[in-house]
Amino acid sequence: MSKIRVLHIVQSLATGGLENGIINLVNHSNPDDFIVDVLCLRDKGELTERINNPNTRIFFDGNHQQSKLTAIKKVYQHCQSHSYDILHSHGYATMLAAYIGGKLASCPTIINGEHGTLYYSSKKEVLIQRFLFNRMQLNLSVSSVLKNEICTLFSVSSERFKTIINGVDTIKFSPNKNQQRLKKQLGIGPDQLIIGSVGRLVPLKNYPSLIRAISLMVKQFPQLMLLLAGDGPEKESLEKLIVKLNLTEHIRLLGQREDIADLMNLYDIFVLPSRCEGLSNTLLEAMSCGTPVLAADVGGNGEIIAEGTSGYLYPTDDSDALAKHLTCLLLNTSLREDLGRQARKHIEDNFSLETMVNNYENTYQELLLTRVSH
């Protein structure tokens with residue numbers, strides 16, 4: 001039996017949760033049964049360097065234009081010169097190009113994955129996506145909450161969607177709390193309490209609410225330090241907020257980092273303050289490292305966290321509630337340690353990378369079997 005050829009279509013492989021998930025899927029695919037390539041429409045992105053699957057090719061033609069017509073042409077021309085069994089788009093930004101370009105090139109199976117960012121600000125956007133969701137052989141979502149939200153917003157039958165939960169590399173992201181070298185590198189004292197987060201500095205991540213929570217706590221915890229790893233367009237406004245609240249001694253923006261597993265182990269508490277999420281990879285990574293977590297109660301966060309056992313949820317944008325949770329955890333070392341142990345076990349039992357990859361590959365095989373039987 002010949003190998004199944006899959007093409008992931010993305011805007012780029014720049015740093016982000018969606019892109020990180022694709023990297024994991026590509027690197028851990030079964031080489032005996034699958035050949036998995038990636039077509040980048042806008043740019044290659046820095047995460048391409050993390051791809052270590054020798055059978056995978058990353059395609060980008062050097063054209064950075066972002067028009068819909070250009071994207072359609074790129075998909076069509078690529079599929080004309082390369083044969084694939086399955087085209088897998090990822091969200092509205094690539095779904096239209098994959099559908100039209102793939103259909104023109106007579107690609108047999110076209111599916112779409114939704115990761116948490118939804119576009120519904122205009123009636124036109126809603127109608128186009130409803131049309132596309134109904135034309136895909138299958139739509140995938142990373143959480144049940146996201147699936148239900150899409151079906152409601154776009155008036156699409158839930159039968160057209162399937163949920164595949166993200167997974168995390170539990171070997172790479174494992175407990176290793178001895179981070180003295182990293183502490184020294186960052187100039188962090190032995191008695192400092194470290195709260196941290198990882199993600200793009202964009203409005204959806206809602207870091208101002210976390211910064212405001214820190215401002216409510218520094219009088220009680222003068223040794224408190226917040227570390228934010230990531231870069232993005234909100235950096236300047238966050239820096240201004242930090243200065244305005246007199247928190248320059250308590251908050252550091254670390255920029256883009258490659259040592260995320262070490263950072264997760266350095267943090268005493270990980271916080272995810274997002275306004276919306278599909279299924280957060282960084283939340284999975286923190287928990288896999290045995291780090292206690294607090295997350296805004298949005299998207300799939302409630303599907304990851306067993307409330308009160310492996311972490312806590314709080315109302316998004318509620319800095320007071322977040323500060324109260326953080327205060328409770330900072331005052332109780334044994335509670336933090338217990339949450340960390342339970343978080344690690346919860347991830348190992350339910351969110352392994354192997355399970356995620358198997359679910360995707362089984363879905364691909366089922367789609368092809370269904371096509372053959374018809």
Side-chain angles (χ1 to χ4, degrees), residues 6-14 16-22 25 38-43 65-76 78-79 84 86-166 200 202-205 274-280 298-300 303 360 363-364 367 370:
V6 179
L7 178 68
H8 290 281
I9 300 174
V10 298
Q11 290 284 71
S12 76
L13 287 175
L18 180 161
E19 294 81 5
N20 184 67
I22 293 172
L25 193 53
V38 181
L39 174 63
C40 300
L41 300 179
R42 187 181 65 207
D43 198 5
Q65 289 186 23
Q66 298 185 44
S67 75
K68 291 182 175 62
L69 183 58
T70 300
I72 292 168
K73 286 181 178 178
K74 288 184 178 186
V75 173
Y76 170 72
H78 183 79
C79 292
Y84 293 99
I86 295 173
L87 298 191
H88 188 162
S89 67
H90 295 272
Y92 182 41
T94 59
M95 183 165 50
L96 182 65
Y99 178 71
I100 298 178
K103 283 292 183 183
L104 290 173
S106 300
C107 292
T109 303
I110 305 171
I111 67 174
N112 177 58
E114 291 294 331
H115 300 260
T117 302
L118 303 179
Y119 300 88
Y120 52 91
S121 58
S122 72
K123 188 173 182 179
K124 179 182 177 182
E125 283 182 336
V126 171
L127 290 174
I128 291 173
Q129 287 172 90
R130 182 187 302 162
F131 172 84
L132 292 170
F133 288 142
N134 282 308
R135 295 303 182 279
M136 294 289 137
Q137 271 89 337
L138 183 65
N139 298 281
L140 302 173
S141 72
V142 294
S143 75
S144 297
V145 169
L146 178 61
K147 170 185 170 180
N148 294 336
E149 184 179 4
I150 292 171
C151 292
T152 300
L153 282 172
F154 298 96
S155 300
V156 181
S157 169
S158 61
E159 294 179 358
R160 304 205 65 83
F161 278 81
K162 176 179 180 179
T163 297
I164 297 181
I165 301 291
N166 286 347
R200 290 264 296 152
V202 294
L204 285 176
K205 294 300 179 183
S274 309
R275 287 196 175 94
C276 71
E277 285 286 347
L279 201 92
S280 170
V298 297
E303 294 176 50
Y360 274 103
T363 298
Y364 294 151
L367 284 166
T370 301

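Numbering of residues begins at 1 and proceeds along the displayed sequence.
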Item checked: Sequence-distant partners of Asn20, side-chain contact (heavy atoms from CB on, under 4.5 Å), two or more places apart -> Asn24, Arg50, Asn281, Glu285
Note to self: Donor-acceptor check, side chain of Glu303 to backbone of Leu279, threshold 3.5 angstrom: yes or no?
What the structure shows: no
Checklist line | Atom of His88, atom of Tyr360 and distance for their closest heavy-atom approach | finding: CE1-CE2, 3.8 Å
Note to self: Is the shortest side-chain heavy-atom distance between Tyr364 and Ile111 below 4.5 Å?
What the structure shows: yes
Checklist line | Glu149: partners by side-chain contact (heavy atoms from CB on, under 4.5 Å), with sequence neighbours left out | finding: Leu118, Leu146, Leu153
Note to self: On a heavy-atom basis, which atom in Ala105 and which in Cys79 lie closest, and how many Å separate them?
What the structure shows: CB-CB, 3.6 Å
Check: Between the main-chain N or O of Tyr119 and the side-chain N or O of Gln129, is there a donor-acceptor pair closer than 3.5 Å?
Finding: yes
Check: Closest approach of Gly278 and Ser143, non-hydrogen atoms and distance?
Finding: O-OG, 3.5 Å
Note to self: Tell me every residue that passes salt bridge (Lys or Arg N to Asp or Glu O under 4.0 Å) with Lys74, counting only those two or more places apart in sequence or in another chain.
What the structure shows: Asp61
Item checked: side chain to side chain contact (heavy atoms under 4.5 Å, CB included) between His78 and Ile9, intermediate numbers included -> CA-CA 11 Å; His78 183 79; Ile9 300 174; over 6 Å; no
Check: By salt bridge (Lys or Arg N to Asp or Glu O under 4.0 Å), which residues pair with Lys162, not counting sequence neighbours?
Finding: Glu366
Next item on the list: Assess whether side chain to side chain contact (heavy atoms under 4.5 Å, CB included) is satisfied between Lys124 and Leu127, documenting all intermediate values.
Entry: CA-CA 5 Å; Lys124 179 182 177 182; Leu127 290 174; 5.9 Å; no
Notebook entry, point to check: Could you go step by step and tell me if Val75 and Leu41 meet the side chain to side chain contact (heavy atoms under 4.5 Å, CB included) rule?
Noted result: CA-CA 8 Å; Val75 173; Leu41 300 179; 4.1 Å; yes
Margin query: Arg275: which residues meet the salt bridge (Lys or Arg N to Asp or Glu O under 4.0 Å) condition with it, sequence neighbours left out?
Written below: Asp317
Margin query: So Val6 and His8, do their side chains get closer than 4.5 Å, heavy atoms only?
Written below: yes
Note to self: So Tyr99 and Asn112, do their side chains get closer than 4.5 Å, heavy atoms only?
What the structure shows: no
Next item on the list: Can you measure from CD1 (Ile164) to CG (Leu25) and round to the nearest 0.5 angstrom?
Entry: 8.5 Å
Next item on the list: To the nearest 0.5 Å, tell me how far Leu18 CG sits from Thr94 OG1.
Entry: 8.0 Å
Next item on the list: Carefully, step by step, assess Glu277 and Lys205 under the rule side chain to side chain contact (heavy atoms under 4.5 Å, CB included).
Entry: CA-CA 9 Å; Glu277 285 286 347; Lys205 294 300 179 183; 2.9 Å; yes
Notebook entry, point to check: When rounded to the nearest 0.5 angstrom, what is the spacing between CD1 in Ile100 and NZ in Lys73?
Noted result: 13.0 Å
Notebook entry, point to check: Any sub-3.5 Å donor-acceptor pair from Thr152's side-chain atoms to Asn148's backbone N or O?
Noted result: yes
Note to self: In the structure I gave you, are the side-chain heavy atoms of Val10 and Glu19 within less than 4.5 Å of one another anywhere?
What the structure shows: no
Table please: side-chain donor-acceptor pairs of residues 130-137 below 3.5 Å, with sequence neighbours left out.
{"residue": "Arg130", "atom": "NE", "partner": "Phe154", "partner atom": "O", "Å": "2.8"}
{"residue": "Asn134", "atom": "ND2", "partner": "Arg130", "partner atom": "O", "Å": "2.9"}
{"residue": "Gln137", "atom": "OE1", "partner": "Ile110", "partner atom": "N", "Å": "3.2"}
{"residue": "Gln137", "atom": "NE2", "partner": "Pro108", "partner atom": "O", "Å": "3.1"}

Next item on the list: Report the distance from atom OG1 of Thr70 to atom CZ of Arg42, rounding to the nearest 0.5 Å.
Entry: 13.5 Å
